[in-house]
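Read through the structure below, which is laid out as structure tokens, and then see the notes.
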Amino acid sequence: MSGSIPFYQKHHRHYDRGNRSRETESAISQYQQSSNTYSSHSSKSTKGIRAATYTALDEPRLSPLPKRVKPTYMAMDKENQIIGYVVPIFRGSHEFQSGLSDTEEARAKESAGYLARRDLFASGVESEHIEHKSHRTVMRESAERISLSKRIYENEEYHKRLNEDSLMHIPEFVIKPRSHTVWEKQCVRLHCTISGWPEPRVVWYKNNVSIDPMATPEKYKVESSYSVHSLEINKCDFDDTAQYRVSAMNSKGETSAFASVVVKRFKGEIDEFLPSPRLRKYFSIKPAPCLEYGVTFETHLVEKFGVSFGREGETLSFGCSVIIYPSLQRFQPEIEWYRDDKLLVPSKWVQMHWSGDRATLTLSHLNKEDEGLYTLRVITKSGFETHSAYVFVRDADAEVAGAPGAPLDVHSLDANKDYVIVTWKQPAVDGGSPILGYFVDRCEVGMTHWAQCNDTPVKFARFPVTGLVEGRSYVFRVRAVNKAGMSHPSRVSEPVAAMDPADRTRKGPSAPWTGQIIVTEEEPVEGVVPGRPCDLSVIEATKNYVVLSWKPPGEKGHEGVMYYVEKCVSGTDSWQRVNTEIPVKSPRFALFDLAEGKSYRFRVRCCNSAGVGEPSEPTEATTVGDKLDIPSAPGRVVPTRNTDTSVVVSWEASRDAKELVGYYIESNIAGSNTWEPCNNKPVKGTRFICHGLTTDESYVFRVRAVNAAGISEFSQESEAIKVKAAIRGGILHASPTPPYGITVLECVRDSMVLAWKQPTFIGGADITGYFVDYREVIGGVPGKWHEANIKSVSERAYRVSKLKENMLYQFQVRAANMAGVGIPSLPSETFKCEEWTIAVPGPPHDLQVQEVRKDSLVLLWKPPVYQGRDPVNGYYIDIKEAEADFEMWRGVNEKATDKTFIKIKDLKMGESYVFRVRAQNKAGVGKASDSTEPVEAVTKPGTAEIVVNVDDDGVISLNFECSNLTADSKFVWSKNYVEMTEPERMTLETKGSKSKAIFKTPSEEDLGIYSCFVTHTDGASASYTLSEETLKELLKVSHDHKFPIIPLKTELAVELLEKGRVRFWLQAEKISANGKAEYVFNDNVVHQGEKYKMNFDKNTGIIEMFMESLGKEDEGTFTFQLQDGKATNQSSLVLIGDVFKQLQKESEFQKKEWIRKQGPHFVEYLGYEVTPECCVRLKCKVANMKKDSVALWYNLMPYLMNQVFSVIANSSTPLKIQSTEEGIRLYTFVTFAAFVSSADTGNRLILMFFIDRARVAGGLPDVVTIQEGKCLNLTCNIWGEPIPEVTWLKNEREMVSNDHYILKFESGKFASFTITSVSTSDSGKYSILVKNKYGTESGDFTVSVFIPDEEPGKKK
């Protein structure tokens, strides 16, 4: 047989005989059994049926070109009554060239199908008309079967010899798949019939992505039977809205056909967790007939199961009764059970039972994993019927009061030969105190001993279990712990083997009691050294482990490869092999024992028997630590009435949540503080029906988000809602009212752009989008509505495509929010679909009014969709009073504005106005837009404006506060009236009723108009214009706030004090008690010490630093740095060069002066004057004279004589000439005369001069000490002309010469003083006074007399 396989079939797995469809094998088997039965049991009667179905076996002989027999497709009984319809087998145009089927498989299908149909109707329709036939009839039928078998064999042999190339042709679609529009949660099946030889391979695509039914069996089901191919999509949702393509390919070519599936949300009283609407109920389409048997089955589900509640550890059973009409004994439907859209299979936890008329599902030993939406699906050949209801599982009572609930959904995230990464979900119930962590337990399959894997609780919901034995299988469980105690253990995970993933595909049978896996190694094959692995990356990183993944090398030879993993600390080049003992075989590996907080790089090498290859490119530096953050709290929670015992809870998803597991919802009776979980298994959507509530009670709800890192904070509590059946189905009660004002913005040959106005009431939440419907109007009669858009549009404008040119259309629009889709608007006017050819632009649209004040407002609009012949270059705005006539429209702006907003001023307070906008281009001004609703010019109470603020950190922000917020209100910030959703240059913050827009780095790029609009209010809005001048002022204030300066009264100065001390000082205007000062010299901080003395008077703000003196090393810059909180300032003084030297010199002088003034010192220095009488007077003033102070005079005659001679010369008479014997004599007479004598004392000449004034020239001592009884004799020189009178004084009394005191004055020059016998009474002060007409002078001396027995010098 293998030798007869055509060459092109050897390369296509599809044509392999071993890959025939199960239907074909079943049909052949059925045919063979039927033949054997009729051959061996000839006594049995057969049931007759005449099915005039075409076969190629009616000719007596095989012929390459037989006659075609016109087939019929009616199935009749013996009385020629029509009992069914037989589906024909469609063939291509070349199928009947031989008069026979094209392949042996097709011929076997045809024959088996014929027999199967005959047997079915013989047993199903004529079971009550069984009659015995004669032996002759039985024999004839047996002979016919033998002849039929012979013909089939001959046909097979014939086709082996036939040239098959002449029969081959490209696949062709006999019947193409058609498009479908279905409701959400319904199922849809796409059919097509394809011919072609060789038999084509059929593949289904969704948006050009192939569909793999094996990957998602619960979603897709692909069937092929007798050239009829089908794709079944189960439980459709919005994501299933797509274009589907079916592709048929064989060796001659490929062809495709397309069909669209549109999934709509049901707008009636149908919830996503309730049963899906049946097709025939909502679309009036008859169920499809049974393709195989020609029988139409109708399925009804009765006694349906409802919402159920259970507790962990209990057993729960539920089901439905199934009625199928007609009821055929041989036919049994296919029963499928789903949990959360995943197909269930029987296990020790799940048991399924079908009794023939009732389907039952039993959940033994409930766990929280069993919670979810359960769906029963009953499938027949005519379609299917489903029913769904939710099952809630509560936590079992804790062994310890206050202990948390058990974790759930424990499974293996990754497994290798020496580790398994276990993951789980956190419980909804924490027992009243935070969960401290989790303990992971393991147990070897076949054993009963559980071993705890971690010594301390782990908070992250993933944990790597190491220390496993390679080849053994393990199961795991998890327990939660809080301060009260330990929870119940979770449900045991599925067994997982500790082995390399590459070995799992080659594992042998497991030992029944240990689960040990037997691995069969392949024979080694000589190969080449493998190349580098590629695409190495870190796919997961926590503080406990890092998981690497890579792709095998392109060059690896014929044998398999294994891998070595290496690591190194970032910043080094020291690589260390991680798996030193045994290399891994799979391109995935987890690393443990890494230091938390350190950064590592990784690389991988390949190896085989030929050697170890080059390493891969290293990864980027990866820091060991938990990268996953706990999700943020969910947004606003909105409850909506549903039934008497349930409420629909919707919420806004957590922002920027990564690897989100789902949400937990809790409820609380309003006024109490007892929160109960609504679900114990996380739900992934943002909408959930909370069941089991008490009727007429008011509840509030809150939501938390969950991921592996932990559970988020609670959302804000919802508003209280009374549990009561909703009016009008509940969902529509919160839907928006219809939009209105539908207009056409642009029209081309096959499409029209529509615009409409927002509903006056948006319902219980923000509008999420709009749906547009259209219908044709023919002869004034409107047709059927059609959907224009499948997915909602957020803008209030939409282009309706695929219209017919010159046809009339009407449109309607529906608004949707999170509660559902509202009712449609009234039909629009009738518009004709014809292309606009006008040169001017179309009308602007979506006019909005903001910032309404008593004398102004801001008008916004969107550009026209139809631009005209040229682009739009401006807009004109018109205004009129709301009650004024049409002729009262007047322009606001004389010059066209190029912006899409304008501020209209000079309005009259209390007056209502309407506005419209016209666009212009080069061709002219276009049609005006629809006018706005009347707007009253009034400033509403509580209206606030945007306030610009600069905080203490210098951050500039725009602040807006709204006092009339609602629960749904949001602050919307715009720049130039374009919403800023994620501004790069600003940060938006909202807290309560206040919102702010914070500038990050203010610059000229931020110039513009900033506005803030608050939704769900009566139009609260405001704007602020940031101009260039304003920005400069704000930046200056920001700089002052960011870098505040302490104001100074005086800058740093220097002054000299007594003793030569140097004082540096400055004064601040104001400084607090926390103020600080630093003293810096040449960039080095100096401190209090011997050299520097500091003083900081915070009351006066005076800061001082003192230095005793200045040295050469003190030349430089002195700086005082001040700090008071954030405020700073500094002042510097530069002392270098001549300035420093002068200050240093002055300091030294002052120091010397101070030292000098510590003893006798001159207050007035020695001076002199020469009188007209030629008297020289020397004088000075001395202070601080003490008793022992002595005045010393020094001769200054060389300098003074010049002055004396000048006076003498000036007193001379005119010069006279006299002739004498000796010659001519020049002479003059002077008034004064001086006598000069000189004495040579070395190199110095001493001049002495004499004048007529009486003087004491010298000779008297200052003090005379003499012993009692001695004789004292003193002599002094007296000068003067005329000769002075001499007087002696004792103690200021005049003395008279006697025997005791002998006073003499001789030769007019010498005065003597003699005491003949000194006694103690002679002690005292003595003076000589000389006097003539030119002056008086005195000389003083002291006499001290002592007794010999006493110390000398002691006065008596």
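Each residue takes its place number in the sequence, starting with 1.
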Residue set satisfying salt bridge (Lys or Arg N to Asp or Glu O under 4.0 Å) with E911, at least two apart, ordered chain then number -> none
Residue list, side-chain contact (heavy atoms from CB on, under 4.5 Å) with K1126, at least two apart or on another chain = D953, P1044
By ring pair (Phe, Tyr, Trp, His ring centres under 6.0 Å), Y875 pairs with (sequence neighbours left out) W861
R796 and Q758: side chain donor to acceptor below 3.5 Å | yes
Modelled atom types, side-chain donor and acceptor of D773 and Q812, under 3.5 Å = yes
Can D1018 and N964 be counted as having a side-chain donor-acceptor contact under 3.5 angstrom?
-> yes
Six-ring centre of W889, R916 cation under 6.0 angstrom, axis tolerance 45° | yes
Residues 989-1013 vs salt bridge (charged side-chain N to carboxylate O under 4.0 Å, His left out), sequence neighbours excluded, gives R985-E1005, R985-D1006
So which pairs with a foot in residues 896-908 pass side-chain hydrogen bond (donor to acceptor under 3.5 Å, both in side chains), sequence neighbours left out?
-> none
Polar side chain donor-acceptor pair, W973 to S995, under 3.5 angstrom = yes
Could you tell me the separation between the CG atom of D930 and the CD1 atom of I742, rounded to the nearest 0.5 Å?
-> 11.5 Å
When the ring centroid of W651 is compared with that of Y663, is the distance short of 6.0 Å?
-> yes
What distance do T932 atom OG1 and L847 atom CG have between them, rounded to the nearest 0.5 Å?
-> 6.5 Å
Residue set satisfying side-chain contact (heavy atoms from CB on, under 4.5 Å) with V800, at least two apart, ordered chain then number -> L754, V772, Y774, A788, Y798, L803, F811
